[in-house]
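Read the structure below first, then the notes.
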Amino acid sequence: MPRSKVVAWEHGPPIHVRDKDGKIEIIDPLVGQSMDLNDMALFVEVVKAKSFRRAAEAIGMPNSSLSRRISALEKAIGLRLLHRTTRKIELTEAGQLYYERSKGIVDEARLAHEQLGEMLAQPSGVLRASLPVDFANVFLAPLLAEFAQRYPGISFEFDLTPRRVDLVTEPFDVAIRMGEPPSSSLIARQLGRLSQSLYASPRYLELSGEPSQPLDLAQHECLRFYSAKGGTWTLRRGTETVEMEVGGRFRLNSVGMLQRLAIQGLGIAVLADEIVAEDLANGHLSRVLPQWNAATVPVYAITETRLLPAKTQRFIEFLRDRLGQGS
């Protein structure tokens with residue numbers, strides 16, 4: 001007799017999981033049919049790849065076999081899930097609903113399989129991460145040797161370009177971002193907060209004078225980070241908070257460039273204390289308004305789902321442990 005159980009699923013009515021002759025079948029009330037979990041997983045891969053050919057290459061299956069499996073799945077369900085053309089595939093309305101539901105089921109199954117496998121083996125695979133270049137150079141690079149040594153089964157692909165990668169359509173496991181994340185359906189986990197202060201070169205302060213209070217910054221050349229609040233600086237001293245509009249000739253989206261411009265004597269910049277520690281020690285930069293601190297910067301790990309493979313979980317846990325020490 002087939003063994004069956006009911007599983008509660010957060011995105012819809014309960015599903016029934018049945019072990020039939022050693023083969024896992026799922027009975028979904030939305031379609032009223034039993035489905036092979038493997039076919040469901042193949043459908044999810046095709047949608048993510050947006051191509052039968054790319055999906056077939058990724059999973060190591062002939063394109064013709066993959067196409068037949070998806071056609072058989074559509075026939076079993078009784079609904080067309082994909083519009084196929086010579087150039088691309090698109091989800092039908094039914095396909096979109098089925099994908100949203102199937103993806104969670106497949107992720108749950110993969111996670112359960114991997115968690116059992118962790119009892120026997122270390123996390124492994126390619127970890128694909130998108131990181132700000134300044135964060136990667138200053139914070140990650142010194143820590144990476146320790147993480148790589150701890151998990152020799154993990155290899156790494158890092159994208160350090162400033163663009164915002166699409167975690168839904170691009171093959172990234174995690175994106176590290178500095179600053180509050182925009183509101184979205186993505187999952188944000190805070191790793192820590194970076195303390196910041198005002199810095200300028202001794203040469204700039206000699207030529208332009210040193211501000212003695214926050215309001216004096218209005219008379220100075222301020223190097224601003226390109227963001228929605230790039231022209232507003234928030235400073236704190238104990239329980240006292242001051243917000244002020246600042247101006248200057250330079251506004252950019254690279255912390256490393258802000259640091260270089262400050263060293264060259266082109267103005268005052270808000271920079272993370274750890275980033276400029278060496279420049280402060282060798283006299284290239286000086287602290288401005290040392291009794292005041294700029295707002296701390298949160299660092300987040302952004303993922304598309306809460307169901308993460310072991311390699312991504314360990315990476316996030318490692319960064320949270322290290323960055324949290326300085327928060």
Side-chain angles (χ1 to χ4, degrees), residues 130-139 160-164 175-184 188 190 192-300 302 323 326-327:
S130 169
L131 308 102
V133 62
D134 303 304
F135 176 88
N137 288 332
V138 175
F139 295 97
L160 305 185
T161 58
R163 71 185 182 92
R164 296 275 176 171
I176 307 299
R177 294 289 175 256
M178 300 172 70
E180 294 295 341
S183 177
S184 73
Q190 186 168 313
R193 301 189 75 91
L194 306 179
S195 61
Q196 295 192 118
S197 304
L198 298 174
Y199 294 95
S201 71
R203 178 170 171 267
Y204 173 84
L205 296 175
E206 180 181 349
L207 294 176
S208 303
E210 186 167 352
S212 59
Q213 58 179 335
L215 292 178
D216 294 342
L217 292 170
Q219 308 304 318
H220 282 266
E221 186 75 19
C222 294
L223 305 171
R224 298 166 295 158
F225 190 79
Y226 196 93
S227 68
K229 296 186 65 177
T232 302
W233 285 359
T234 302
L235 300 180
R236 295 186 175 90
R237 181 178 62 182
T239 59
E240 185 179 0
T241 300
V242 175
E243 272 197 1
M244 75 213 69
E245 294 290 326
V246 295
R249 298 166 60 196
F250 294 94
R251 189 178 180 206
L252 52 152
N253 66 348
S254 167
V255 175
M257 188 67 170
L258 284 175
Q259 181 181 1
R260 288 180 176 271
L261 294 182
I263 292 172
Q264 293 298 317
L266 292 175
I268 300 172
V270 173
L271 296 166
D273 297 327
E274 190 165 346
I275 288 178
V276 301
E278 186 175 338
D279 294 317
L280 194 63
N282 61 29
H284 290 162
L285 290 175
S286 297
R287 179 88 180 265
V288 177
L289 296 174
Q291 67 275 32
W292 293 85
N293 296 306
T296 58
V297 177
V299 181
Y300 285 90
I302 312 294
L323 294 178
S327 298

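Remember, it's a predicted structure, so these values are computed and weren't measured experimentally. Basis for what follows: all heavy atoms, side chains included, without hydrogens, waters or symmetry-related copies.
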Would one find more than 12 heavy atoms of other residues, nucleotides or ligands at under 6.0 Å from atom [atom1] of [X]?
X      : atom1 : answer
Gln213 : CD    : yes
Arg260 : CZ    : no
Met244 : CE    : yes

What are the two closest non-hydrogen atoms of [X] and [Y], and how far apart are they?
X      : Y      : value
Ala200 : Gly267 : CB-O, 3.8 Å
Ile302 : Ala188 : CD1-CB, 3.6 Å
Trp233 : Cys222 : CH2-CB, 3.5 Å
Ser254 : Phe225 : N-CE1, 3.9 Å
Ala295 : Gln196 : O-NE2, 2.8 Å
Pro132 : Ile176 : CD-O, 2.9 Å

Legend entry - Any side-chain heavy-atom pair of Leu258 and Phe250 under 4.5 Å: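 No, too far: nothing below the 4.5 Å cut-off.
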Inset, instruction - Give a yes-or-no answer on whether the side chains of Arg177 and Ser130 include a donor-acceptor pair shorter than 3.5 Å. - result: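 Present: a donor and an acceptor within the cut-off.
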How many angstroms lie between [atom1] in [X] and [atom2] in [Y], if you round to the nearest 0.5 Å?
X      : Y      : atom1 : atom2 : answer
Ile275 : Asp134 : CD1   : CG    : 6.0 Å
Leu323 : Glu274 : CG    : CD    : 8.0 Å
Leu198 : Leu223 : CG    : CG    : 11.0 Å
Leu194 : Phe135 : CG    : CZ    : 7.5 Å
Ser197 : Leu285 : OG    : CG    : 11.5 Å
Arg287 : Leu280 : CZ    : CG    : 8.5 Å

Inset, instruction - Check Asn293, Leu289, Thr241 against Leu235 for a side-chain contact (heavy atoms from CB on, under 4.5 Å) and give me the one that passes. - result: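 Result for side-chain contact (heavy atoms from CB on, under 4.5 Å) with Leu235: Leu289.
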Inset, instruction - Could you give me the CA-CA distance, side-chain angles and deciding distance for Val299 and Phe139, then say whether side chain to side chain contact (heavy atoms under 4.5 Å, CB included) is met? - result: CA-CA 11 Å; Val299 181; Phe139 295 97; over 6 Å; no
Legend entry - side chain to side chain contact (heavy atoms under 4.5 Å, CB included) evaluation trace for Leu261 with Leu252: CA-CA 11 Å; Leu261 294 182; Leu252 52 152; 4.0 Å; yes
Legend entry - Pro298 backbone acceptor or donor facing Glu180 side chain under 3.5 Å: no
Legend entry - Verdict with reasoning, Ile263 to Tyr199, per side chain to side chain contact (heavy atoms under 4.5 Å, CB included): CA-CA 9 Å; Ile263 292 172; Tyr199 294 95; over 6 Å; no
Inset, instruction - Would you mind listing every side chain to side chain donor-acceptor pair (under 3.5 Å) that reaches into residues 200-209, with sequence neighbours excluded? - result: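 Found Tyr204-His220.
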